[in-house]
**Student:** 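Here's a structure for you.
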Amino acid sequence: MGEKIMVKGTEAIGEAAIRAGCRVYFGYPITPQSELTEYMARRMPQVGGVFLQAESEVATVNMMYGASSVGARVMTSTSSPGFSLMQEGISYMACARLPGVFVDVVRGGPGLGDIQPSQGDYFQIVKGGGHGDYRLPVFSPSSLQEAVELTIHAFDVADKYRTPVVIFADGMMGQMMEPVEFPDPIDPSTLPSKDDWALTGAKGRKARYVTSFDIDPYKLEKMNLVLQETYKEIEKNEQKWEEFMTDDIEVLFVAHGTVGRIVKSAVKLARQKGIKAGLFRPISLYPFPYKRLSELAEKVDIVMTVEMSSGQMLEDVRLAVEGKAETPFYGRLAGVVPTPGEILEALMKELRR
Amino acid sequence: MGEKIMVKGTEAIGEAAIRAGCRVYFGYPITPQSELTEYMARRMPQVGGVFLQAESEVATVNMMYGASSVGARVMTSTSSPGFSLMQEGISYMACARLPGVFVDVVRGGPGLGDIQPSQGDYFQIVKGGGHGDYRLPVFSPSSLQEAVELTIHAFDVADKYRTPVVIFADGMMGQMMEPVEFPDPIDPSTLPSKDDWALTGAKGRKARYVTSFDIDPYKLEKMNLVLQETYKEIEKNEQKWEEFMTDDIEVLFVAHGTVGRIVKSAVKLARQKGIKAGLFRPISLYPFPYKRLSELAEKVDIVMTVEMSSGQMLEDVRLAVEGKAETPFYGRLAGVVPTPGEILEALMKELRR
Amino acid sequence: MMEHKLIAAGFGGQGVMLFGQMVAQAGMIEGKHVTWLPSYGPEMRGGTANCTVVVSDEPVASPVVDKPNEIAIFNIPSLLKFEPMLEENGILVLNTSMIDREPTRKDITIIRVPANEVADKLGTLKAQNMVMLGAYIEVAKTVSVESVFKALEAKMTGKKAQFLDVNKKAIEEGMKIARQQLG
Amino acid sequence: MMEHKLIAAGFGGQGVMLFGQMVAQAGMIEGKHVTWLPSYGPEMRGGTANCTVVVSDEPVASPVVDKPNEIAIFNIPSLLKFEPMLEENGILVLNTSMIDREPTRKDITIIRVPANEVADKLGTLKAQNMVMLGAYIEVAKTVSVESVFKALEAKMTGKKAQFLDVNKKAIEEGMKIARQQLG
Amino acid sequence: MAKRTLGYIEIDQERCKGCGLCIDACPVNVIKFSEDFNSKGYHPAEYMGEGCIACMFCYYMCPDVCITVYKYKTPVVSK
Amino acid sequence: MAKRTLGYIEIDQERCKGCGLCIDACPVNVIKFSEDFNSKGYHPAEYMGEGCIACMFCYYMCPDVCITVYKYKTPVVSK
Amino acid sequence: MGQELQESIVLAKMPKSLSGKEFTYCPGCHHGIVHRIIAELIDEFQLREKTVLVAPVGCSVFAYEFFDVDGTVAAHGRALAVATGMKRARPDMFIITYQGDGDLAAIGTAETIHAANRGERVTTIFINNAVYGMTGGQMAPTTLLGMKTTTSPYGRTPEREGYPIHIMEIMKALPGVAYAERVKVSKPQDIPKAKMAIKKAFYAQLLDVGFGIVEVLSTCPTNWGMDPVEAQRWLEENMTKEFPLGVYVDKVTEVMKEKGVK
Amino acid sequence: MGQELQESIVLAKMPKSLSGKEFTYCPGCHHGIVHRIIAELIDEFQLREKTVLVAPVGCSVFAYEFFDVDGTVAAHGRALAVATGMKRARPDMFIITYQGDGDLAAIGTAETIHAANRGERVTTIFINNAVYGMTGGQMAPTTLLGMKTTTSPYGRTPEREGYPIHIMEIMKALPGVAYAERVKVSKPQDIPKAKMAIKKAFYAQLLDVGFGIVEVLSTCPTNWGMDPVEAQRWLEENMTKEFPLGVYVDKVTEVMKEKGVK
Ligand SMILES: Cc1ncc(C[n+]2csc(CCOP(=O)(O)OP(=O)(O)O)c2C)c(N)n1
Ligand SMILES: Cc1ncc(C[n+]2csc(CCOP(=O)(O)OP(=O)(O)O)c2C)c(N)n1
Ligand code: SF4
Ligand code: SF4
Ligand code: SF4
Ligand code: SF4
Ligand code: SF4
Ligand code: SF4
Ligand SMILES: [Mg+2]
Ligand SMILES: [Mg+2]
């Protein structure tokens, strides 16, 4: 770890990727993540890496497929409409078991929407916007330091389980500046070898292929079962969350990403009013930490979800709570960022019922 | 209604669309729905309609956007990978409030997968594979007669709420033949006018626009609230389901689409063994009939979900059951179709626990 | 209630799909509930093909069948695949022109049809599936021959009408063969 | 615990973003917890711009602030928007070169800075944001001027280094103005 | 030198963004920047009051459609 | 007429799909369809046994890569 | 100044088909000039009541607000698919797409080429400013070699970023195209020419000849980092070399003659 | 027949770079011929150990199984994006894409044109059989006018379906292209020519000149409803008229000469 420096979120993630040994980046401009693409355009040539602006997001994800299949640590970043266009390719990568890191700096939607921070892509990112039975590990940072750490972690998770991984950021996370400490860079040549599966040329071995295809459903089902096994492993090993002031809770907030940190302020305000509030902040959205949330839900009557969406993570919260507590919701839509004050007010309204 | 004729599923849906007054169809070939595209290529010129094979599914959905925005009843059909490519455009249509009917003849995935029947796109279709806070009414037929009726219904729902609507079919539904009775065709000129919002030329009125965009998040939030209101209406009015032998149930199956009818056979087999099984078959997947399922769940200890997927609708089932009963799952993946026998066996295993 | 659960299987091009459709169509004509489900091949040409037909007095629940009670088999791979699945006391109709091996099951009714030879004699090898069809309806009694003829007439219109007669003939020949074997 | 919740707002091009960044950077240099959050404009040019800076002794929870306790206002639209939001007893630093109207709040500390004139005298109108910055740190005591200078030095390297002195001068002028008004 | 003025222009100065394209385009240099600001903060373009030959060039080039060009029925001649 | 045979071909008849492109291509017409079926059900191509001039045309045109072409070191002449 | 006292006629003023809403473009940006020309033609052809304008995602995303005609905004790159949908459903309407280089020539390449090749009866105005304006100056497919942008910070090279793409030259290879011309609007003298080009692209649609497209070489002062006048000079000196002006396809003039229209 | 007794040499047999797996193509389909030519060249250039073959979605979706080289299958239309990703990440490898007309010239248009225009150092074999083979004979962008397919059941017309697209002609307009030739394989005499064309497209990559593409006019007997021999005749008579054979771009021969390779 070096000294702290102030960086923008987009650049923090970009630099983290480079330190994680990523040397191949494809991307296409879209607000509010274009600075990340621009950062990579500057940095990659400096570290002997590859930067290529693709002709579209559809091309981008397929370039990722290609680079990943020959063994590269590869990343892209985009924002909501661009992520929609990547869905087919992501489904292909998931089935072909190709690692890769996707950063989605979510903005207000649907459609062209606007360019303000949002979490309205939860379903798309977390449940799977592409076709078929696959899941993607998703990490939602709430500070730039955490974004740095999760970005590096994402590459490791991607390689370990051979799966695409998503960093769920938002316009706020992308645009804000905060002091960050970067870890020492990893020398890409020291990364674990992918020679056991990557397409490196059939030298001294049989030809092999990377594919998402089998015409025989029974064989394809077997490929799927390997995926399902992998997801079980991921669910076992990769859950991450933060608890904030949950020791003595009467009411529990659930919020992820930047909303998570805004809710922390709301928790403090609530405690000033004598309400014993706490926060459960899922960091891995898939695998969602159902079990821990379920345990916490036992202790309270109200589990209040706050999102910058109409209530998408809310479904996962309810799956965890299973009727053991009330599960009200407060959300702002389309790029409007909730403030601590209005969140507190929403809670008060619930308490008054 | 006319006489019964034997038709293929793809053709039943195509003919139903034409009888519903649809005169504009865009599509792109993909197994196992190509026959529908081909049917429309033959039929549309016969009824003075428009058929155009687009250069891709991305183009297709945007052609739908265009035709719908000038007031046409418009349809497309595709299969899983093609539906993934439509996600951005669907999100645009949802936000711009453009009606349109999408038929997704789901096949085994993820990736290129295979071409056998599957329900592995449940998350994508039902939760929203595109970006932003929108929902799509989704209907899942389990017979060709029902497919005909739901297709016609889909156009009405699309127009009434100004939203894209999805018919969730699968390879089996697309390929099988069954006797079908078609209703009398609707004369397109008698359909309710869209002159209050469609882009018909600013004759004698101010110019207007159809858009999914507002740079001001507060205004965009207002557009979103209109959508959310619409979804509430849809949730209130448009739930559909079938109950099969649920009067005296001890165990309840939940299955949709073709799996629903396969499970009916399993229910019969179970009853032959003295197990009082029944089936709850959601027909509208969004809005999911949570309330009715929740009521039924009160009566049983086991609510067993069967899908041709790894358990995606299962989440909605669990949201309805809320821990009131066990919610085991039986699924086949990647295009393998479960048989009544193996479903019964899966149930027996649960009962033996 | 009687439910006919039939699988017809062979190479692509042997007309097993049409075989099944004619059974289903005839069933419909008789006011029964029917489904026809093809195993649609790969997006590629060639390979084997089969279809499942259910004809029933009640609405058909599953169009997928794990244990057929009737199978019509047009080639060896299909025999290997479907013979074991046949229900006890089921019916197996076999195109012996294509299959030079014996079924192993002893608990079933077997009708052996030299369909290619018969059709060849009628002047069109293509009609071998109709020979099989005749044999099948004779033994399974799923539908009457009149209904099958009506189904054929509905199907074979326009240019195809010229083949109607030879197809009917082929069906009758098939029925004859089955009748003989049934004794 | 003291938490400075600052919003700086003006037209694009007036340097409000840099203003905020320098406060944040100086805070970091002093070992405080800081965040800087821009309201990034439309994908279009022009319009207004603002940023929110939080400087705190504890980790910053929300980088979004609904009730700032300090605002630095560079133009009229921003005054109209942010004055009502300011906390009681909050601080308002006003660029009076751009704003010819009076704030309405009576419960706050107001520092009036003719920033453009001052900067113009120093030979570069662009430095008006630094005049504002000087006034702001003098009144809000968020960070020391030394830290701000360090932050500036870190930022203005290469070609930009030539502007370092005039910017420091501008900050000092701003501080002077604030000092005078604070009495 | 006698100057013939063939027409005049009106500039919507509130709409103007002070880009200067009209000034650059005017073949007889009768447009200049105003010393005042408009409410958007730009120095808008300003017609100098005489000498316009009604060539429409400024109209052609104004990206913000601020300019209306008038042509006198009879030219005005000043010294 | 004396016939010079310059080489011969081998056909992988199990692999052959009986498309006939080799037969169409052979300039000296020394390939024909076999009367037998292969296990895929096709009548495979069959070399007639003599007359091949080793021109490789059949190899060129065989879409299933069934053909190996041999060239004799010394031609064989038959009457 | 008493000008009004003198009797005069209006030679040119804001066209009726503009909504009057202020453009949101940067000072000196050529988007505005092209807007005005289009509006003038809509007025002249009296098409206001049957026109739909398809705006793209790009700086001109608001275009539909600036015109007093029905409009929409297509997904990035898909304007010509949207336009195809409209025209096929309502052949009696007049459809214009207005697109930037990123939109039309990068992400929308397939939609552009296929609509053109099918000869869709729609009219496309293609603003080539060699840069992604809206998102802040990234490289466009039309960025010149050597040009620095935020995503080609070391200057565009053929090896790394490939060559600038030439849409008019591609249009020549597509039989569905009825009219294709590349123009500029950086000098007053260009304006009537540009207008005539767009007029012919209108006629391509109105006379049912085929697809009409006009490429307008345009400035982006903001992202080029130049003042508006300087940007025009730069365009004249650099862009016209890489992108030669002229008529690339013209099947319209002949039909105009046949039908006696001008 | 005792031929083996006679001393002889093997003139031609299955190339080593084929896996030996039976092709799944229909009888007489030209895909197989082109596969063999490619495999021969991989053998001759000794590229087996550094080649990756990118198969498309189309009848040749299994192509990677037929070759004894590493391979993958790209999403429909995206082979050239996948290839770009590979080559950028591993410039030392040899990348081939093998694509049909639906794949390369419809859904993949943008990827094709931009990879070509960037001059990606990859080699593309483009099978133009005027039809979507795999999905059962729908119209392709290259379907001839008048031709009936399952989605142009009344025959392709310019008004309804638009014109057949000409990829080689478009390639000419793209500066990144180093080699582009259109060939056929419907007569034995065509084969050496087709092979030479593909060889040059290999060299475009191997000698770092740019993008190399060869379009092969091919039959689809199954979907054309013809027997294989008849299909070849039809191709000769009809397709070569719409799609003229020949070299469209050649920057390779010169470099070959410079470097003294043949
Ligand atoms: C799918 C998608 N990708 C990216 C974007 C972001 N985006 C908006 S405009 C634009 C490019 C604009 O450039 P251009 O088309 O040249 O128009 P200009 O602004 O230069 O007029 C991009 C990439 C988007 N909105 N949607
Ligand atoms: C996104 C997507 N759309 C459609 C398909 C279905 N599909 C498979 S192959 C194919 C076209 C094949 O035609 P072509 O590329 O010409 O190859 P050919 O089979 O003729 O060799 C299509 C449309 C798909 N797999 N994925
Ligand atoms: S009309 Fe011509 S002469 Fe008059 S002001 Fe404009 S540019 Fe100058
Ligand atoms: S061209 Fe128009 S916007 Fe520019 S300075 Fe002149 S009047 Fe103002
Ligand atoms: S090598 Fe030539 S002559 Fe010999 S069999 Fe083949 S085609 Fe005929
Ligand atoms: S060309 Fe090949 S596959 Fe065709 S008949 Fe000849 S040997 Fe058989
Ligand atoms: S960014 Fe460029 S293209 Fe966009 S409005 Fe400004 S000057 Fe025009
Ligand atoms: S369908 Fe056509 S292209 Fe495909 S394998 Fe068969 S003949 Fe070849
Ligand atoms: Mg541009
Ligand atoms: Mg093809």
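Remember, it's a predicted structure, so these values are computed and weren't measured experimentally. We name chains A, B, ... by the order of the sequence lines, and we start the count at 1 in each one.
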**Student:** Does the B:S80 side chain pair with the main chain of A:H131, one donor and one acceptor, at a distance under 3.5 Å?
**Tutor:**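 Not a single qualifying donor-acceptor pair exists.
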**Student:** Would you say the side-chain atoms of A:Q116 pair up with the backbone N or O of B:P217, donor to acceptor, closer than 3.5 Å?
**Tutor:** no
**Student:** Locate the shortest heavy-atom distance separating B:D216 from A:D114; write the atom from each residue and the value.
**Tutor:** C-OD2, 4.5 Å
**Student:** Does the A:N224 side chain pair with the main chain of B:G109, one donor and one acceptor, at a distance under 3.5 Å?
**Tutor:**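 Pair found, side chain donor or acceptor close to backbone of B:G109.
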**Student:** Show your working on side chain to side chain contact (heavy atoms under 4.5 Å, CB included) between A:R135 and B:F123 and close with a plain yes or no.
**Tutor:** CA-CA 11 Å; A:R135 304 304 304 253; B:F123 281 148; 4.0 Å; yes
**Student:** What do you reckon, is CD of A:E326 surrounded by more than 12 foreign heavy atoms closer than 6.0 Å?
**Tutor:**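 No, not enclosed.
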**Student:** If you count heavy-atom pairs under 4.5 Å with chain A, which of B:S84, B:G331, B:G120, B:P110 comes out on top?
**Tutor:**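 Answer, by heavy-atom pair count under 4.5 Å with chain A: B:P110.
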**Student:** Against chain A, work out which of B:Q119, B:Q87, B:M223, B:K127 has the most heavy-atom pairs shorter than 4.5 Å and name it.
**Tutor:** B:K127
**Student:** Could you look at B:F83 and say if it's the side chain, the backbone, both or neither that has a heavy atom under 4.5 Å from chain A?
**Tutor:**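 Answer is neither: B:F83 stays 4.5 Å or more from chain A.
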**Student:** Flag the pair B:Y218 / A:R332 as yes when at least one side-chain heavy-atom distance between them is below 4.5 Å, and no otherwise.
**Tutor:** yes
**Student:** Would you mind telling me which of B:P81, B:G335, B:G128, B:S79 has the largest number of heavy-atom pairs within less than 4.5 Å of chain A?
**Tutor:** B:P81
**Student:** When heavy-atom pairs shorter than 4.5 Å are enumerated against chain A, which of B:L225, B:D214, B:V106 gives the highest number?
**Tutor:**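 With the most close heavy-atom pairs to chain A, the winner is B:D214.
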**Student:** Specify which of B:S309, B:G311, B:G323 makes the most heavy-atom pairs with chain A at under 4.5 Å.
**Tutor:**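 That would be B:S309.
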**Student:** Need one label for A:S118: side chain, backbone, both or neither, based on atoms under 4.5 Å from any heavy atom in chain B.
**Tutor:**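 When you check distances to chain B, no heavy atom of A:S118 falls under 4.5 Å.
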**Student:** May I ask you to test the B:Q228-A:L333 pair for a side-chain heavy-atom distance under 4.5 Å?
**Tutor:**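 Side chain of B:Q228 against side chain of A:L333, heavy atoms only: contact under 4.5 Å found.
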**Student:** What pairs with A:Y28 under ring-ring contact (aromatic ring centres under 6.0 Å, His included), at least two apart in sequence or on another chain?
**Tutor:** G:H76, G:Y132
**Student:** Looking only at heavy atoms, which two atoms of B:G113 and A:F213 are closest? And how far apart?
**Tutor:**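 Closest heavy-atom pair between B:G113 and A:F213: O-CD1, 3.2 Å.
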**Student:** Based on non-hydrogen pairs under 4.5 Å, which of B:G89, B:G82, B:A96, B:G132 is most in contact with chain A?
**Tutor:** B:G132
**Student:** With only heavy atoms counted, which part of B:S310 is less than 4.5 Å from chain A, the side chain, the backbone, both or neither?
**Tutor:**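 Both parts, backbone and side chain.
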**Student:** My understanding is that only residues two or more places apart in sequence, or in another chain, count here; which of them pass side chain to side chain donor-acceptor pair (under 3.5 Å) with A:Q312?
**Tutor:**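 Counting only residues at least two positions away or on another chain, A:Q312 forms a side chain to side chain donor-acceptor pair (under 3.5 Å) with B:D133.
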**Student:** Go through the atoms of B:L227 and report whether side chain, backbone, both or neither lie under 4.5 Å from a heavy atom of chain A.
**Tutor:**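 Only the side chain of B:L227 comes within 4.5 Å of chain A.
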**Student:** Between the side chain of A:S91 and the main-chain N/O of B:G111, is any donor-acceptor distance below 3.5 Å?
**Tutor:** yes
**Student:** Rounded to the nearest 0.5 Å, how far does CG of A:L220 lie from CG of B:L112?
**Tutor:** 9.0 Å
**Student:** Quick check for you: among A:G108, A:G130, A:A94, which has the greatest number of heavy-atom pairs under 4.5 Å with chain B?
**Tutor:**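 Of the options given, most contacts go to A:G130.
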**Student:** If you check every heavy atom in residues 314-322 of chain B against those of chain A, which residues fall under 4.5 Å?
**Tutor:** B:E315, B:D316, B:R318, B:L319, B:E322
**Student:** Mind checking what makes ring-ring contact (aromatic ring centres under 6.0 Å, His included) contact with A:F288, not counting sequence neighbours?
**Tutor:** A:Y290
**Student:** Ignoring hydrogens and geometry, is there a side-chain-to-backbone donor-acceptor pair from B:Q124 to A:G129 under 3.5 Å?
**Tutor:**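 Yes, because the side chain of B:Q124 sits within donor-acceptor range (under 3.5 Å) of the backbone of A:G129.
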**Student:** If you measure from CD on A:E88 to CD on B:E57, what distance do you get to the nearest 0.5 Å?
**Tutor:**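 It comes to 7.5 Å.
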